[in-house]
Engineer: 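Can you keep this structure in mind? I'll have questions shortly.
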Amino acid sequence: MRKISIFGATGSIGQNTIDLINRNPEAYDIVALTGGANIERLAQDARRLNAGIAVTAHEDKLDDLRAALDGSGVEVAAGATALIEAAARKSDWVMSAIVGAAGLPPGLEALKQGATLALANKETLVCAGSLVMQTAQNHNARLLPVDSEHSAVFQALVGEDMATVERIVITASGGAFRDWPIADLAGATVEQASSHPNWNMGQRITIDSASMFNKALEVIETKEFFGVSPDQIEVVVHPESIVHALVGFDDGAVMAHMGAPDMRHAIGYALHWPDRRHLPVDRLNLAKLGQLRFIEPDETRYPALSLARQVMERGGLAGAVFNAAKERALDHFIARHIGFLAMADMVAAVLDRFDAENGLIDAPMTLDNIQQTDHLARKWVDEAVTQRAG
Ligand code: NDP
């Protein structure tokens with residue numbers, strides 16, 4: 001039986017992973033399941049899948065989790081350290097589907113025990129690209145992409161020589177506001193930003209799709225995962241979300257990966273890799289679709305894309321600054337402290353302030369330095385929000 005752990009089991013990716021596992025439960029031994037506030041769901045899945053341990057990120061929820069799993073034989077634990085300890089338990093395959101930079105420490109720990117890390121948590125590579133890749137190499141561990149675009153690129157590259165790759169094109173739906181007049185974006189509400197035209201995802205990534213911060217993170221993730229240079233990466237708006245990515249080779253050929261927008265494809269590919277197995281996703285009917293559109297992204301509408309270029313050129317810990325500032329600005333948008341467009345303004349200002357005031361951005365890429373950078377970036381966003389309100 002394959003030993004499997006799922007970090008972020010109660011979220012959208014976690015639940016899709018469990019859906020696939022539930023179709024063949026006798027093939028898997030579930031080592032650890034983790035969640036956050038949703039104790040009921042975590043306990044229900046841990047009980048049904050007979051997990052070794054269930055961990056909630058929130059220490060104040062430990063008693064609730066213990067009560068919910070009473071008599072089940074499933075161990076319980078809580079807090080950030082418990083998440084890392086769970087990641088150190090021997091697993092063959094670990095799903096990294098916590099949302100945000102909180103996914104980085106358990107992901108690194110899983111790599112240290114030599115597991116295959118199925119990476120939905122793009123923040124891991126944005127904050128700590130070279131550290132993560134080096135850790136995987138040192139411990140003979142493997143990273144597999146779960147983001148649909150990166151899974152698509154990975155599949156298009158099977159059997160290919162990276163030296164022949166000219167460019168990687170990742171597609172973007174354009175999010176909830178693709179067709180809105182730019183003048184209306186300042187007034188966009190949390191509810192409006194939380195509805196995605198094609199994908200059914202967690203709230204944070206859905207809002208990040210509307211602002212294109214999600215695509216900005218994915219551009220950086222592409223650079224780190226595939227080791228290409230920033231000028232080899234392109235973004236194209238593709239409203240139908242059928243083509244997930246394209247790889248252009250130096251003989252002029254372009255390999256496109258297509259499929260219905262259902263994350264169980266990319267999760268299943270990572271789960272069964274290097275094999276392909278039957279997956280319960282819709283099959284494409286191109287004639288019924290009729291047409292596929294591709295549009296150049298407008299960087300005035302999506303300033304996050306030019307910020308991503310700035311981050312890749314800047315290097316060092318700029319990815320960790322970018323991600324932390326983005327996460328905190330998103331918290332403030334969700335809490336209705338700031339407007340939709342203020343998120344990009346704040347991230348840009350924090351990046352500039354790091355360059356002007358703090359040498360930490362050029363410190364060596366260690367987990368400690370990343371976490372310090374992350375903390376400071378969040379603090380500066382909070383200060384900027386308070387100043388605006390004052
Ligand atoms: P969700 O918000 O649906 O789920 C997030 C998971 O992380 C939940 O299990 C949540 O617990 C847990 N969690 C939240 N905060 C913390 C924390 N501080 N520490 C530990 N665990 C925490 O997110 P998604 O499933 O949408 O996304 C997960 C990751 O996958 C993100 O990095 C996202 O960018 C990436 N991704 C998602 C895609 C999608 O289709 N959803 C597509 C491609 C990538 P609880 O809910 O119990 O509070």
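Just the heavy atoms: all of them, side chains too, but no hydrogens, waters or symmetry mates, feed the values below. Atoms within a ligand are numbered from 1 in the order they appear, just like the ligands themselves.
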Engineer: So if I count the atoms of ligand 1 from 1 in the order they appear, which ones are less than 4.0 Å from some heavy atom of N121?
Structural biologist: 32 (O)

Engineer: State the atoms of ligand 1, each with its element, that fall below the 4.0 Å cut-off from a heavy-atom position in M201.
Structural biologist: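 That gives atoms 39 (C), 40 (O), 41 (N) of ligand 1.
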
Engineer: Is D147 close to ligand 1, meaning an N/O of one under 3.5 Å from an N/O of the other?
Structural biologist: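 It does not: no N or O of D147 is found under 3.5 Å from an N or O of ligand 1.
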
Engineer: If the cut-off is 4.0 Å to any non-hydrogen atom of A102, which atoms of ligand 1 fall inside it?
Structural biologist: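 Matching atoms, with element in brackets: 17 (C), 18 (N), 19 (N).
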
Engineer: Are L367 and L83 connected into the same hydrophobic cluster when the rule is that any two of I, L, V, M, F, W, Y join if their side-chain heavy atoms are below 4.5 Å apart?
Structural biologist: yes

Engineer: Could you name the option among I205, N200, I98 that has the heavy atom nearest to atom 31 (C) of ligand 1?
Structural biologist: I98

Engineer: Looking at atom 35 (C) of ligand 1, what's its closest protein heavy atom, distance included?
Structural biologist: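 Of the protein heavy atoms, A120 O, 3.1 Å lies nearest.
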
Engineer: Could R167 and E234 be called an ion pair, given the rule that one side-chain N must be under 4.0 Å from one carboxylate O?
Structural biologist: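 E234 and R167: salt-bridged.
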
Engineer: Does D374 pair with R328 as a salt bridge, N-O distance under 4.0 Å?
Structural biologist: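 Salt bridge absent between D374 and R328.
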
Engineer: What protein heavy atom sits nearest atom 3 (O) of ligand 1, and how far off is it?
Structural biologist: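 Heavy-atom neighbour on the protein nearest atom 3 (O) of ligand 1: S12 N, 2.9 Å.
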
Engineer: Is it true that D70 and R66 make a salt bridge, defined as a side-chain N closer than 4.0 Å to a carboxylate O?
Structural biologist: no

Engineer: Looking only at non-hydrogen atoms, which of A97, G36, G14 approaches atom 6 (C) of ligand 1 most closely?
Structural biologist: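 The option holding the nearest heavy atom is A97.
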
Engineer: Examine E123 against ligand 1 and note whether any of their N/O atoms are separated by less than 3.5 Å.
Structural biologist: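 There is such a contact, yes.
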
Engineer: Could you tell me the residue and atom name of the protein heavy atom closest to atom 4 (O) of ligand 1, and the distance to it rounded to 0.1 Å?
Structural biologist: G11 CA, 3.1 Å

Engineer: Do you reckon V311 sits in the same ILVMFWY cluster as L376, going by side-chain contacts under 4.5 Å, direct or chained?
Structural biologist: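 Yes, because V311 and L376 connect within a single hydrophobic cluster, where side-chain heavy atoms sit under 4.5 Å apart.
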
Engineer: Just which atoms of ligand 1 are under 4.0 Å from any heavy atom in L83?
Structural biologist: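 In order of number, 20 (C).
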
Engineer: Can you list the atoms of ligand 1 that are under 4.0 Å from a heavy atom of A37?
Structural biologist: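 Ligand 1 atoms under the 4.0 Å threshold to A37: 45 (P), 47 (O), 48 (O).
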
Engineer: Is R314 salt-bridged to D355, cutoff N-O under 4.0 Å?
Structural biologist: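 A salt bridge links R314 with D355.
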
Engineer: What do the steps show when you test T17 against I21 for side chain to side chain contact (heavy atoms under 4.5 Å, CB included), and what is the final call?
Structural biologist: CA-CA 6 Å; T17 309; I21 282 169; 4.1 Å; yes

Engineer: Should I6 and I84 be counted in the same cluster of Ile, Leu, Val, Met, Phe, Trp and Tyr side chains packed under 4.5 Å apart?
Structural biologist: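 In one cluster: no.
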
Engineer: Considering only the protein, which heavy-atom contact is closest to atom 34 (O) of ligand 1, and what is its distance?
Structural biologist: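 Protein heavy atom at minimum distance: K122 CE, 3.2 Å.
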
Engineer: Evaluating non-hydrogen atoms only, which member of L217, T10, T56, T206 is closest to atom 8 (C) of ligand 1?
Structural biologist: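 Comparing heavy atoms across L217, T10, T56, T206, the nearest one to atom 8 (C) of ligand 1 lies in T10.
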
Engineer: Quick one: look up the protein heavy atom nearest atom 26 (O) of ligand 1 and list residue, atom name and how far away it is.
Structural biologist: G202 N, 3.1 Å

Engineer: Regarding ligand 1, does N214 bring an N or O atom to under 3.5 Å of one of the ligand's N or O atoms?
Structural biologist: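 In this structure, N214 places no N or O atom under 3.5 Å from an N or O of ligand 1.
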
Engineer: Are any of the side-chain nitrogens in E383 or R353 under 4.0 Å away from the carboxylate oxygens of its partner?
Structural biologist: yes

Engineer: G100 versus ligand 1: do any nitrogen or oxygen atoms come within less than 3.5 Å of each other?
Structural biologist: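 No, no N or O pair falls under 3.5 Å.
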
Engineer: Mind checking whether V99 and I39 sit in one hydrophobic cluster, side chains of I, L, V, M, F, W, Y counted as touching below 4.5 Å?
Structural biologist: no

Engineer: Starting from atom 20 (C) of ligand 1, which protein heavy atom do you reach first, and at what distance in Å?
Structural biologist: A57 CB, 3.3 Å

